Amino acid sequence: MNLSLLEQHSDFEWHIPATGKMRVPGIIYAERGLLEDMDNKVYEQVCHVAALPGIVSASFAMPDAHWGYGFPIGGVAAFDPEAGGVVSAGGVGFDISCGVRTLHTGLVRAQVDAVKARLADTLFARIPAGVGSTGPVHLSATKIDDMLAGGAKWAVDQGYGTQADLERIEERGMAHHAKPAAVSPQAKKRQRDEMGTLGSGNHYLEVQEVDEIYAPSIAEGLGLQRGQIVVSIHCGSRGLGHQIGTEFLREMVVEAKHYGIDLPDRELACAPIQSELGQRYLGAMRAAINCALANRQILTHLAREAFSKVLPQACLTLLYDVSHNTCKVEHHLVDGKTKRLFVHRKGATRAFGPGHPDLPDSIRDLGQPVLIGGSMGTSSYVLVGSNEGADERAFGSACHGAGRNMSRTHAAARWRGRAIVEELASRGILIRSPSDRGVAEEAPGAYKDVQAVVDAAQAAGLARKVVRLVPVVCIKG
DNA sequence: ATGTGC
């Protein structure tokens, strides 16, 4: 990115003044090195989002931002329905409610090392992974509607997990005001056999060791100690979310001119929040959020079954589950007034600070866990939201992962999946994946340095580092 | 991300 286009406000905050059709400024949180490596497309996309109707405060980008469809991945934007604000399918992303959950296991590293290969093989046999993978659950048309309305709560009611799990999921495991009727038959059909599957791309189930502690008292409060083993699951709403994104994007492009919206880029197709189309998309998107929450809940059940075969002393309890592709209704302070806003986070994590009323009682004083998935073979991090006084950054948001810095095509041409698996195995990290090409596309070298991203997020005041996690076993989609 | 590509 051309830094001469930006106004530097601090080492970690850069502004794009509102010019031309921009209604608000752009704000990018990153240090100089990350910014220099960012595609100029991120700059263009932040500016385009700033031109959408009803946007408030600023168009934000997180330190892991990269070029996405319409909105940058790592983008945050909030819209006021009272001021003609819009909802955008491209602002949520295709993989609606893609997210990460992390589970305690009660195990330490030595216990896993003793059975590591068997654990990897058992998880790989149990966890459906890859393009078009199907799962152990098959849903009739009416059952699908129950799932779309009930989310992880529905999954727990079906026997996949416990009530205690629900406490540690955003919105207690269920998005309200989901409208299964707004989801097309085609989207439902695609999802019938895909519940409890990882999918492909950057999705994974990883066994990790807590390797470093940065904030001892918060780590203790979250139940995290050095040497402990945790499990993280990264996946989303599979074919259903993708189908909903595709269909509404098409409809929003066609309808935009009827609503009098001048699109800076057709990929930013959107509809007024208060319009019929906007409301229908929100209902379908919330159903997809419930699909993703139910999916991660069923995968948790499968992981528990796999652990029980190899390490029966393990007890998998949920630390937290956070979605990073969403549009949510939240109340935030804008120009001294509390407003009801529709906050789009695309490749960005909610990061509420300590004391927020939406956090579970048991961890409210610590702040919301922010789960940052690293690239394959590198570290992941647990952060917590921070309250930087009244000056809440980006509506309480933080980064979501390392962020790509190379296209999938480029990565697949440069690396061989098998060589990467062997190299990681030599370092004690066991990868199991159905796809060599998929592994090559996810080569660690195709991603930004996750440590630089997390350090920038902390320095910018978006969130606070708590622990680092290193991979032991990775089931890769 | 995706029964991967209008």
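Everything numeric here is computed off the predicted structure, so don't read it as measured data. Below, read A as the first sequence line, B as the second, and so on, with proteins coming before strands; counting in each chain starts at 1.
The CD atom of Glu194(A) sits 8 Å away from the P atom of dT2(B) (whole-angstrom rounding). Rounding to whole angstrom units, CG of residue Asp95(A) and P of dT2(B) are separated by 6 Å. Atom-to-atom, CD1 of Ile73(A) to P of dT2(B) comes out at 13 Å; the value is rounded to the nearest Å. Atom-to-atom, CD of Gln243(A) to P of dT4(B) comes out at 12 Å; the value is rounded to the nearest Å. For Ile244(A) and dT2(B), the CD1 to P distance is 14 Å, given to the nearest whole Å. His242(A) has its NE2 atom 8 Å from the C1' atom of dT4(B), to the nearest Å. One can place CG of Leu198(A) at 17 Å from C1' of dT4(B), the figure rounded to the nearest angstrom. Summarising the geometry, the separation between CZ on Arg266(A) and C1' on dC6(B) is reported as 11 Å, rounded to the nearest angstrom.
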Which donor-acceptor pairs under 3.5 Å do the side chains of residues 61-79 of chain A make with protein atoms, sequence neighbours left out?
residue: Asp64(A); atom: OD2; partner: His400(A); partner atom: N; Å: 2.9
residue: Asp64(A); atom: OD2; partner: His400(A); partner atom: ND1; Å: 2.6
residue: Asp64(A); atom: OD2; partner: Gly401(A); partner atom: N; Å: 3.0

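Taking 4.0 angstrom as the limit, Arg408(A) places none of its side-chain polar atoms (N or O) nearer than this to OP1 or OP2 of dT4(B). A close approach under 4.0 Å does not occur between any side-chain nitrogen or oxygen of Ser200(A) and OP1 or OP2 of dT4(B).
No contact: Gln191(A) has no heavy atom under 4.0 Å from any strand. The residue Gly236(A) sits apart from the nucleic acid: no heavy atom pair falls under 4.0 Å. Counting non-hydrogen atoms under 4.0 angstrom, Gly245(A) reaches nothing in the nucleic acid.
Ion pair Asp145(A)/Lys188(A) flagged as a salt bridge, since at least one NZ, NE, NH1 or NH2 atom sits closer than 4.0 Å to an Asp/Glu carboxylate oxygen. Ion pair Asp262(A)/Lys257(A) not flagged as a salt bridge, since none of the NZ, NE, NH1 or NH2 atoms sits closer than 4.0 Å to an Asp/Glu carboxylate oxygen. Salt bridge annotation for Asp165(A)-Arg296(A): absent, with no cationic side-chain nitrogen under 4.0 angstrom from a carboxylate oxygen.
Checking Ser435(A) against His203(A), the closest nucleotide of DNA chain B that is more toward the 5' end is the one next to His203(A).
Applying the salt bridge (charged side-chain N to carboxylate O under 4.0 Å, His left out) test to every pair with at least one member in residues 394-421 of chain A, sequence neighbours left out, gives these pairs: Arg404(A)-Glu442(A), Arg408(A)-Glu441(A), Arg408(A)-Glu442(A), Arg418(A)-Asp436(A).
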